[in-house]
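Take a look at this one; I'll ask things after.
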Amino acid sequence: MAQEARCTDAANKIIERERFIVDSITTKTRRSIGKMLFQVGSRPLFAVTKDYYLNEVITRVGCTNICADVAGGCSKEFVVRMKPDFIILTTMGGLATEEEMEWHKLIKNAHCLIVDENEAGCPTPTFYRKTLEKIANFVNNQ
Amino acid sequence: MNKATQYILFVIVLVALSILSITIGSSELSAIDILSGKISYESTEWTIIRHLRLPRTLTTIGIGALLSLSGCIMQGLFRNPLVEPYTMGLSGGAVLGVAVTFCLGLQISFGIPALIISALLGGLLTMFVVLTIRRAIKCDINSMLLIGIMISFATSSITTLLMSLTTHENLSQIISWSIGSMDSASEEMAIFIVASALVATFASAFLGNIINALSLGATEAQHIGINSQKMIIILFVVATLMAAVSVAAVGVVAFVGMIIPHIIRRIAGHDHRYILPLAAMGGSSFMLLCDIAARTIIYPRELPSGVITGICGCIMFIYLTSRQRNEHN
């Protein structure tokens with residue numbers, strides 16, 4: 001895209017800057033912090049699996065994706081049984097707050113964070129870094 | 001088989017399926033373990049039973065009863081075994097209400113209650129439109145059925161229009177709402193739905209006599225002292241409320257309102273005083289069976305219950321119709 005718009009240098013600078021921040025977050029992160037559910041849809045419950053680029057965010061912050069091997073949606077019962085330590089929810093068109101309350105009721109020790117679905121779902125270097133930064137800060141502060 | 005035996009059998013099947021629904025899932029928990037208190041209140045198993053399986057089972061029982069009763073009343077009223085809330089456009093109206101809410105973004109400010117209220121209003125508005133048109137053109141009850149079918153097409157088209165104009169996030173939410181699923185069942189919802197189903201079952205038992213009279217025809221009912229026009233509207237409103245409450249809670253679950261009353265009539269005859277409670281129990285049992293299948297067939301994923309009821313209902317209906325035809329021949 002940058003080549004088409006003839007701004008390759010500016011794009012490369014952005015990519016380098018974001019890559020540096022992403023790498024620094026990754027090296028700072030302690031390994032095996034805990035288990036994580038990254039929910040991107042409700043009714044039916046839809047989570048990030050190993051084939052999503054957001055799965056990389058989960059592993060970069062040092063967590064294990066409980067839905068890595070699940071194809072598509074999964075049940076709440078499955079999530080409760082897996083006992084995630086962290087639950088990341090996208091805004092899901094305004095339904096995230098209710099979902100967060102539900103998870104607090106079902107999994108007492110889980111820490112929940114709501115992230116903007118437009119930022120988390122947009123794979124540009126800047127949005128990727130922003131989402132990673134937000135989740136890394138949240139995980140490390142718990 | 002006499003009436004008492006039939007009632008007892010239906011109760012036994014319902015209780016057995018309820019126990020199965022609570023014990024079956026990600027890990028099979030035996031009913032004896034649950035009842036004997038071997039499961040700790042702090043355990044994951046208890047959380048699953050208390051907060052997920054129990055509310056879900058109760059909601060499923062209530063939804064099955066409400067849909068089946070609604071279908072049974074409408075079939076008696078219209079003297080047509082193909083009538084159910086879905087064919088009368090009530091479910092379509094509820095989905096349209098939900099689609100409008102998503103498109104206006106009301107769920108962002110008011111959350112899930114906005115969706116439930118809009119579905120309820122959508123169903124009731126459809127009923128109001130059907131009754132208004134009926135009054136305006138002064139048609140008989142069979143034409144009222146045709147009006148319902150036309151309204152159903154209209155609501156479906158408007159919903160499709162909204163879906164084609166909205167964002168893909170809203171689109172997926174509207175689609176999932178239009179295929180009924182029990183995965184959103186909560187404790188509050190379970191209490192509300194079960195209470196509604198109990199009230200509806202008792203109320204409909206009192207309405208059985210009137211439905212029996214109206215099954216003979218509006219004029220015949222008038223001759224035996226029933227205000228047919230008034231009672232048709234009252235029964236239609238009651239049936240609509242039952243269907244609207246269930247659609248508002250879990251989305252559109254097709255075929256329960258059509259197939260269960262049909263089966264019950266074949267088993268227990270045509271006396272509505274007697275078959276309405278049986279239809280409620282039969283609807284609950286059928287919904288439980290479909291929900292158990294929906295959450296176990298492709299575990300850890302879940303199918304919407306509406307998919308299972310649609311497939312089972314269709315197969316059962318074709319089988320029953322072909323059997324009925326063979327018996328006539």
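Nothing here was measured: the structure is a model prediction, and the numbers come from that model. The chains referred to below are lettered A, B, ... by the order of the sequence lines, with proteins before strands, and numbering in each begins at 1.
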For this session: If a pair satisfies side-chain hydrogen bond (donor to acceptor under 3.5 Å, both in side chains) and one of its residues is in residues 113-128 of chain A, list it, with sequence neighbours excluded.
Result: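 side-chain hydrogen bond (donor to acceptor under 3.5 Å, both in side chains) check on residues 113-128 of chain A returns A/Glu18-A/Thr126, A/Glu56-A/Tyr128, A/Arg60-A/Tyr128.
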Problem set entry | Enclosure of A/Phe86 CZ (heavy-atom neighbours >12, cutoff 6.0 Å) |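 Yes, because the 6.0 Å sphere around CZ of A/Phe86 holds more than 12 heavy atoms from other groups.
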Problem set entry | Region of B/Ile298 that comes under 4.5 Å of a non-hydrogen atom in chain A | neither
For this session: For residues A/Leu95 and B/Leu115, determine if any side-chain heavy atom of one lies less than 4.5 Å from a side-chain heavy atom of the other.
Result: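 Yes; the side chains approach each other to less than 4.5 Å.
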Exercise. For atom CZ of B/Phe192, is the number of surrounding heavy atoms from other residues, nucleotides or ligands below 6.0 Å larger than 12?
Worked result: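 Open: at most 12 neighbouring heavy atoms sit under 6.0 Å from CZ of B/Phe192.
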Problem set entry | Reported CG-to-CG distance for the pair B/Leu52 and A/Leu106, which is rounded to 0.5 angstrom |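 Going from CG on B/Leu52 over to CG on A/Leu106, the span is 5.0 Å.
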Exercise. Pairs in or reaching into residues 174-191 of chain B: which pass salt bridge (charged side-chain N to carboxylate O under 4.0 Å, His left out), with residues at least two apart or in two chains?
Worked result: A/Lys105-B/Glu187, B/Arg50-B/Glu187
Exercise. Checking heavy atoms, do the side chain of A/Ser75, its backbone, both or neither come under 4.5 Å from chain B?
Worked result: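 Interface part for A/Ser75: both.
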Problem set entry | Pairing of A/Lys76 and B/Glu302 as salt bridge, 4.0 angstrom limit |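 No salt bridge links A/Lys76 with B/Glu302.
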Exercise. Between atom CG of A/Leu45 and atom OG of B/Ser181, what is the distance when rounded to the nearest 0.5 Å?
Worked result: 10.5 Å
Problem set entry | Part of A/Thr91 lying under 4.5 Å from any heavy atom of chain B | neither
Problem set entry | Lys/Arg-Asp/Glu bridge criterion (N-O < 4.0 Å) met for B/Glu45, A/Arg81 |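 Looking at A/Arg81 together with B/Glu45, the answer is yes, because their closest N to O distance falls below 4.0 Å.
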Problem set entry | Within 6.0 angstrom of A/Arg19 CZ, more than 12 heavy atoms from elsewhere | no
Exercise. More than 12 foreign heavy atoms under 6.0 Å from NZ of A/Lys35: is that the case here?
Worked result: yes
